[in-house]
Amino acid sequence: MARGLRRGLMSVAVGCLVVAGSAISQPYPGRPIRMIVPYSAGGASDIVMRILAQKLPEFLGQQVVVDNRPGAGGLIGTDTVAKAAPDGYTLLATSTPHVILPHLHKKIPFDALRDFAPIMQFGDQPYALTVHPSIGVNSVKELIALAQKQPGKINYASSGNGGAQHMFAALFVSMAKIDMVHIPYKGSGPARADLLGGQVKVGCLGIASVLANHKAGQLRILAVTSAKRSHEIPDIPSIAETIPGYNASLWQGLTVPRSTPRTVIERIQGDVLKTMGTADVKAAFERSGTYVVTTNPKAFGELLKVELDKWGKVVREIKLTVD
């Protein structure tokens with residue numbers, strides 16, 4: 001009886017090893033992948049991340065489930081990924097606020113660089129420096145001159161403290177050496193509405209959200225925030241043509257928890273590259289006002305470091321903190 005029991009236990013043990021071995025050797029990906037978006041559904045970054053998630057399974061071979069985890073400016077969703085298993089089944093679809101957050105809070109539960117392994121950048125969305133026509137300016141140079149004559153009297157809208165709209169405008173104010181008053185709103189919708197109504201005079205908003213109003217004469221786009229002109233509105237200059245060195249855009253990229261195997265990172269990057277090269281994804285990105293920009297882990301990691309430093313300087317200069 002004892003011999004039979006030992007034989008039975010050995011059979012169970014061997015069976016467990018076989019199952020474990022097959023799980024370990026199972027090619028990646030072997031199940032659906034969760035893409036955490038730390039922002040609300042329907043926002044500028046969420047839209048392009050969903051475009052990617054919808055097409056990526058054709059190359060990756062598994063479903064990609066978008067999981068919006070908004071809150072605290074992106075802290076909640078980002079922390080979820082930082083604490084996830086480094087197995088490639090939890091991705092962070094992140095953007096510019098990722099490197100702004102660490103400067104806004106005295107303490108956050110993760111390190112924006114060390115706790116994540118970069119995969120790649122896949123998108124870049126310039127914003128538009130936009131004014132209400134009643135302000136009476138037609139160029140960046142004229143806006144700067146007016147602000148110099150009226151320090152502290154011109155206001156600018158944003159979707160909230162520390163968001164991309166706020167930071168892009170604050171960088172402009174800083175580099176132009178002018179004094180304008182920030183009016184934070186609870187979201188980009190209310191900010192745009194008050195800009196349209198003339199309650200506020202200036203704002204840095206997504207091109208797609210103000211282009212129709214610009215064409216209708218309801219708003220006036222003075223310049224784009226990217227270093228070069230936008231292919232959507234090539235007749236509109238960049239801010240950098242007036243203020244050399246100015247460059248701000250809402251980039252989108254993918255990261256995974258640190259210690260994720262290099263082979264997994266390379267597989268994801270390769271399939272995202274194929275996805276971004278398809279005609280329908282390129283067309284969808286263009287409609288959203290986003291450039292397709294594809295890089296590798298090293299280049300994206302370097303971008304994160306540069307952006308972390310750049311926005312840290314802006315936050316310190318305007319003395320902005322959330323807590």
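Everything numeric here is computed off the predicted structure, so don't read it as measured data.
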Visitor: Listed by chain and number, what are the side chain to side chain contact (heavy atoms under 4.5 Å, CB included) partners of R114, not counting sequence neighbours?
Guide: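 Partners of R114 by the side chain to side chain contact (heavy atoms under 4.5 Å, CB included) criterion, ordered by chain and then number, come out as D111.
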
Visitor: Evaluate the criterion side chain to side chain contact (heavy atoms under 4.5 Å, CB included) for residue pair D87 and R31; output intermediate values, then yes/no.
Guide: CA-CA 11 Å; D87 54 12; R31 64 177 189 270; 3.4 Å; yes

Visitor: Can R267 be said to sit on top of Y28's aromatic six-ring, NZ or CZ under 6.0 Å from centre and within 45° of the ring axis?
Guide: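 No - R267 does not lie over the ring of Y28 by the 6.0 Å and 45° rule.
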
Visitor: Under 6.0 Å from the CD atom of E286, do we count more than 12 heavy atoms belonging to anything else shown?
Guide: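 Counting neighbours around CD of E286, 12 or fewer heavy atoms of other residues, nucleotides or ligands fall under 6.0 Å, so no.
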
Visitor: Could you tell me which non-hydrogen atom of A157 sits nearest to which non-hydrogen atom of Y185, and how far apart they are?
Guide: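 Nearest pair, atom of A157 first, then Y185: CB-CE1, 3.7 Å.
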
Visitor: Can you tell me how far the CG atom of L129 sits from the CD1 atom of I207, to the nearest 0.5 Å?
Guide: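 Here the interatomic distance stands at 11.5 Å.
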
Visitor: One pair to check against side chain to side chain contact (heavy atoms under 4.5 Å, CB included): I221 and Y127. What are the steps and the verdict?
Guide: CA-CA 10 Å; I221 297 177; Y127 275 30; over 6 Å; no

Visitor: Any chance NZ of K83 has more than 12 other-residue heavy atoms, nucleotides or ligands included, within less than 6.0 Å?
Guide: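 For K83, atom NZ is crowded (more than 12 foreign heavy atoms under 6.0 Å).
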
Visitor: Tell me if the CD atom of Q54 is crowded by more than 12 foreign heavy atoms within 6.0 Å.
Guide: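 It does not: Q54 CD has 12 such atoms or fewer within range.
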
Visitor: Could you walk me through whether T225 and C204 pass the side chain to side chain contact (heavy atoms under 4.5 Å, CB included) test, one step at a time?
Guide: CA-CA 8 Å; T225 61; C204 274; 4.2 Å; yes

Visitor: Return each pair, listed once, that meets ring-ring contact (aromatic ring centres under 6.0 Å, His included) where at least one residue sits in residues 275-295; pairs must be two or more places apart or across chains.
Guide: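 Those involving residues 275-295 are H231-Y291.
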
Visitor: Residues in side chain to side chain contact (heavy atoms under 4.5 Å, CB included) with K282, at least two apart?
Guide: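 Listed in chain order: V292.
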
Visitor: Measure across F300 and P118 and return the closest heavy-atom pair with its distance rounded to 0.1 Å.
Guide: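 So the two residues come closest at CD2-CB, 3.7 Å.
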
Visitor: Is there a path of hydrophobic side-chain contacts, each under 4.5 Å between heavy atoms of I, L, V, M, F, W or Y residues, that connects I135 with I178?
Guide: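 Yes, same cluster.
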
Visitor: What pair of heavy atoms forms the shortest contact from I76 to P70, and how long is it?
Guide: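 What the structure gives for the nearest pair is CD1-O, 3.9 Å.
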
Visitor: Is F172 reachable from L205 through a run of hydrophobic residues whose side-chain heavy atoms are each under 4.5 Å from the next?
Guide: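 No; tracing contacts between hydrophobic side chains, which count when under 4.5 Å, never links both residues.
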
Visitor: Scan the side chains in residues 140-154 for donor-acceptor partners under 3.5 Å anywhere in the protein, sequence neighbours excluded, and list what turns up.
Guide:
from, atom 1, to, atom 2, distance (Å)
E142, OE1, N138, N, 2.7

Visitor: Do M35 and L52 have side chains that approach each other closer than 4.5 Å (heavy atoms only, starting at C-beta)?
Guide: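 They are in contact (side-chain heavy atoms under 4.5 Å apart), so the answer is yes.
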
Visitor: Any heavy-atom pair between the side chains of P102 and L308 that's under 4.5 Å?
Guide: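 Result yes, sub-4.5 Å side-chain heavy-atom pair found.
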
Visitor: With sequence neighbours left out, what residues match R69 under side-chain hydrogen bond (donor to acceptor under 3.5 Å, both in side chains)?
Guide: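 If we apply the side-chain hydrogen bond (donor to acceptor under 3.5 Å, both in side chains) test to R69, skipping adjacent residues, the hits are D67.
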
Visitor: Do S158 and Q165 have side-chain N/O donor and acceptor atoms under 3.5 Å apart?
Guide: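 No, no side-chain donor-acceptor contact under 3.5 Å.
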
Visitor: Between K201 and N155, is there a side-chain heavy-atom distance shorter than 4.5 Å?
Guide: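 N155 reaches K201 side chain to side chain.
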
Visitor: Any side-chain donor-acceptor pair under 3.5 Å between N213 and R220?
Guide: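 Result is no, nothing qualifies.
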
Visitor: What are the two closest heavy atoms between A82 and F116, and how far apart are they?
Guide: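 Where A82 meets F116 most closely, the heavy atoms are CB-CZ, 3.6 Å.
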
Visitor: Mind checking what makes side chain to side chain contact (heavy atoms under 4.5 Å, CB included) contact with T90, not counting sequence neighbours?
Guide: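 R34, I36, V81, A84.
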
Visitor: Tell me which donor-acceptor pairs under 3.5 Å the side chains of residues 243-250 have, and how far apart each pair is, sequence neighbours excluded?
Guide:
from, atom 1, to, atom 2, distance (Å)
Y246, OH, F168, O, 2.7
N247, OD1, A227, N, 3.1
S249, OG, D124, OD1, 2.8
S249, OG, D124, OD2, 3.1

Visitor: Give me the atom names and distance for the closest heavy-atom approach of S174 to E317.
Guide: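 Residues S174 and E317, closest heavy atoms: OG-OE2, 2.6 Å.
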
Visitor: Taking the side chain as every heavy atom from C-beta outward, state whether L254 and Q269 have any pair of such atoms under 4.5 Å apart.
Guide: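 No, side chains not in contact.
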
Visitor: Can you list every pair that meets ring-ring contact (aromatic ring centres under 6.0 Å, His included) and has a residue in residues 34-54, with sequence neighbours left out?
Guide: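 Of all non-adjacent pairs touching residues 34-54, none passes ring-ring contact (aromatic ring centres under 6.0 Å, His included).
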
Visitor: Give a yes or no on whether a salt bridge exists between K305 and E302, defined as a side-chain N under 4.0 angstrom from a carboxylate O.
Guide: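 Salt bridge: no.
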
Visitor: Restricting to pairs with a member in residues 144-166, which pass ring-ring contact (aromatic ring centres under 6.0 Å, His included), not counting sequence neighbours?
Guide: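 Matches after skipping sequence neighbours: Y156-H182, H166-H182.
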
Visitor: Who passes salt bridge (Lys or Arg N to Asp or Glu O under 4.0 Å) against K215, sequence neighbours left out?
Guide: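 Here no residue qualifies.
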
Visitor: Any non-hydrogen side-chain atom of T94 less than 4.5 Å from a side-chain atom of Q252?
Guide: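 No, too far: nothing below the 4.5 Å cut-off.
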
Visitor: What donor-acceptor contacts under 3.5 angstrom involve side-chain atoms of residues 56-64, with partners at least two apart or in another chain?
Guide:
from, atom 1, to, atom 2, distance (Å)
E58, OE1, K55, NZ, 3.1
E58, OE2, K55, NZ, 3.3

Visitor: Which atoms form the tightest heavy-atom contact between G77 and P38, and what is the distance?
Guide: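 Answer, listing the atom of G77 first, then P38: CA-CB, 3.9 Å.
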
Visitor: Who are the side chain to side chain contact (heavy atoms under 4.5 Å, CB included) partners of Q199, not counting sequence neighbours?
Guide: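 So Q199 forms a side chain to side chain contact (heavy atoms under 4.5 Å, CB included) with D194.
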
Visitor: A side-chain contact here means heavy atoms from C-beta on lying under 4.5 Å apart; do V256 and L92 qualify?
Guide: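 Result no, sub-4.5 Å side-chain heavy-atom pair not found.
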
